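Down below is the structure, laid out as structure tokens.
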Amino acid sequence: MQASWRSEPGGRVSGTLTVPGDKSVSHRSLMLGGVAEGLTRVQGFLESEDCLATLRALEAMGVGIERQGSGAIVVRGRGLSGLSQPAHSLDMGNAGTAIRLFTGLLCGQRFSSELFGDASLMKRPMERVARPLSDMGAMVHTTDGRPPVTVEGGRLLRGIQHHLEVASAQVKSAILLAGLYAEGETTVLEPAVTRDHTERMLRAFGVRVESSDLRVRLWPGPLTGCDLTVPGDFSSAAFFIVAALLAGEGPVEIRAVGVNPTRTGLLDILRLMGARIEVCNQRRYGDEPVADLHVYPGPLNGIDVPVGLVPLAIDEFPVLFVAAAAARGVTRVTGAAELRVKESDRIGVMAEGLRALGVRAEPSADGMLVEGGDLQGGVIDSHGDHRIAMSFAVAGLVSHQPIQIDDTNNVATSFPGFLDLARTCGFRLAPA
Ligand code: S3P
């Protein structure tokens, strides 16, 4: 049964908190660990529905994975060619990262496989990965451009130089993972900077990867198992960053958050809106930078969001639209057409939700205009999108009447425990 939440106005956010592990890094730790030689030990793994879909798929292909509790995982790698044919189609659930990256990884196997997912995943574009992989010599069949996807194994792959049409870390990563199995070097040229967790982690596993000026080059070679610690997910921290700005009782500290610069565009955008956020105690978990964030409550002003920051904040737009609705003046987002093909159409669904709360929100093909002002109460359909649900929970902190948020089960795909953590630090949020 689908759960609903009620977010009541008047909550004040305070304290020190930590958020669960990074979803992108967690998926990659299992996939690379699974095809590495030897053991990979992961700490801080995100035990969410999305990452568990990746875990189950690898188990179905013969990878031994031990869950030791509290995000500690041991992966017994089987080497690049050691995966075995799964007995059934692989269910990726709601996870776009899982289906895109597995499509690349499975191109290099000797067996064929089929990938599918939930109703949302079955609508997501897959030709963007199928096309470059076919150029490498792979056989990938989509269903009218979408899942289910079948990958025929046993093909010889060749390294290519590929210009990405959209700024997508998932497409880049799928090509790089196939490149591990290709003859010769693989090069991906990006139209804009996208998250680089795959490149960083491949290096940690001993693969030669060079990146500079929007160009990534990979040379095929074996992976050696390693120890990894997953940073807190910046995209999960984002809800508490905006909550603290809008309804902080004082500074809020969020500890051990990943601050890879390909992920932190939201900080730059919020600072342009007038936010004070300090990045303290910077350190590294392996190849990934981590810091404690200190967020000071204060008013925000509407801005024109610089297009160059869009890919660096791509998952944060739902909560950014809420910040814009609570800001003084108008915020304009352009160059963000990718939002239309995420877990939901995040432009359409956010516009519908904000309008239900009495906010002026004018969607366009690639963005939205939001006029800041008062938020009323209302009923929101999250369309099964985890980040939409959590964003409207934040909106409830500053709305005049309660907000009911429907279809919230998928919050467990990225942020199990969100409801409890939000309540602990001052949200007036409860199951409806
Ligand atoms: C992700 C890349 C992004 C992001 C998604 C996770 C990843 O997608 O929106 O939530 O782990 O590589 P795109 O690469 O499609 O932009």
Side-chain angles (χ1 to χ4, degrees), residues 20-32 45-46 48-51 53-54 92-105 117 120-121 123-132 145-147 162 164-177 188 190-202 211 214 216 230-231 233-239 258 260 262-266 288 307 309-320 335-347 350 366 384-388 390-391 410-411 413-415:
D22 186 278
K23 180 152 73 80
S24 295
V25 174
S26 294
H27 280 298
R28 287 158 171 83
S29 70
L30 293 183
M31 288 185 196
L32 299 192
F45 177 80
L46 172 66
S48 73
E49 288 305 323
D50 273 14
C51 300
T54 288
M92 303 283 112
N94 191 245
T97 301
I99 198 164
R100 266 71 174 260
L101 270 59
F102 266 127
T103 302
L105 191 70
S120 151
L121 197 74
K123 291 191 204 143
R124 299 192 64 183
M126 288 301 294
E127 277 303 319
R128 52 178 60 194
V129 287
R131 243 178 284 118
R146 301 191 159 74
H162 181 78
L164 291 181
E165 282 163 27
V166 283
S168 165
Q170 292 177 351
V171 179
K172 171 177 64 175
S173 301
I175 298 167
L176 294 176
L177 293 181
V188 181
E190 301 189 87
V193 176
T194 66
R195 66 189 67 192
D196 63 357
H197 304 301
T198 304
E199 297 90 303
R200 287 174 191 251
M201 200 183 287
L202 281 168
S211 321
L214 300 175
V216 185
V230 180
D233 197 324
F234 183 86
S235 297
S236 297
F239 303 105
N260 178 321
T262 61
R263 294 286 299 280
T264 53
L266 179 74
E288 291 285 351
V307 175
L309 291 175
V310 168
L312 309 180
I314 194 67
D315 289 340
E316 281 60 80
F317 280 93
V319 78
L320 179 65
E338 275 296 295
L339 295 178
R340 294 228 178 246
V341 290
K342 294 293 180 189
E343 286 84 327
S344 69
D345 166 2
R346 287 183 172 161
I347 294 175
M350 283 305 299
D366 71 341
D385 185 327
H386 54 135
R387 298 199 202 284
I388 304 274
M390 291 184 276
S391 298
N410 274 344
V411 169
T413 62
S414 71
F415 202 153

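Numbering of ligands and ligand atoms starts at 1, following listing order. As the structure is a prediction and not an experimental result, all values here were calculated from the model.
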Considering non-hydrogen atoms of the protein only, which is the closest contact for atom 12 (O) of ligand 1, and what is the distance? Arg28 NH2, 2.7 Å
Heavy-atom check, side chain of Asn94 versus side chain of Asp50, under 4.5 Å: yes
Who's the nearest protein heavy-atom neighbour of atom 16 (O) of ligand 1, and how far? Lys342 NZ, 3.1 Å
CZ on Arg263 to CZ on Phe234, rounded to 0.5 Å: 8.0 Å
Looking only at protein heavy atoms, which one is nearest to atom 6 (C) of ligand 1, and how far off is it? Thr97 OG1, 3.3 Å
Subset of ligand 1 atoms that lie under 4.0 Å from at least one heavy atom of Ile314: 9 (O)
Can you name the residues that form a side chain to side chain donor-acceptor pair (under 3.5 Å) with Asn260, not counting sequence neighbours? Asp196, Thr262, Glu288
Hey, what do you get for CD (Glu199) to OG1 (Thr194), rounding to the nearest 0.5 Å? 6.5 Å
Going by side chain to side chain contact (heavy atoms under 4.5 Å, CB included), name the residues that satisfy it together with Ala98, two or more places apart in sequence or in a different chain. His27, Thr54, Met92, Ala95, Phe102
Here the atoms of ligand 1 under 4.0 Å from any heavy atom belonging to Asp315 are 4 (C), 5 (C), 9 (O), 10 (O)
Considering distance alone, does some N or O of Ser168 sit under 3.5 Å from an N or O of ligand 1? yes
Ranked by distance from atom 1 (C) of ligand 1, the top protein heavy atom is Gln170 NE2, 3.5 Å
Tell me which part of His197 gets within contact of ligand 1: side chain, backbone, both or neither, using heavy atoms under 4.0 Å. neither
Check: Glu338/Ser168 side-chain N/O donor and acceptor closer than 3.5 Å: no
Please indicate whether any nitrogen or oxygen in Ser24 is less than 3.5 Å from any nitrogen or oxygen in ligand 1. yes
Just verifying a value: how many Å separate Leu30 CG and Leu46 CG, rounded to the nearest 0.5 Å? 10.0 Å
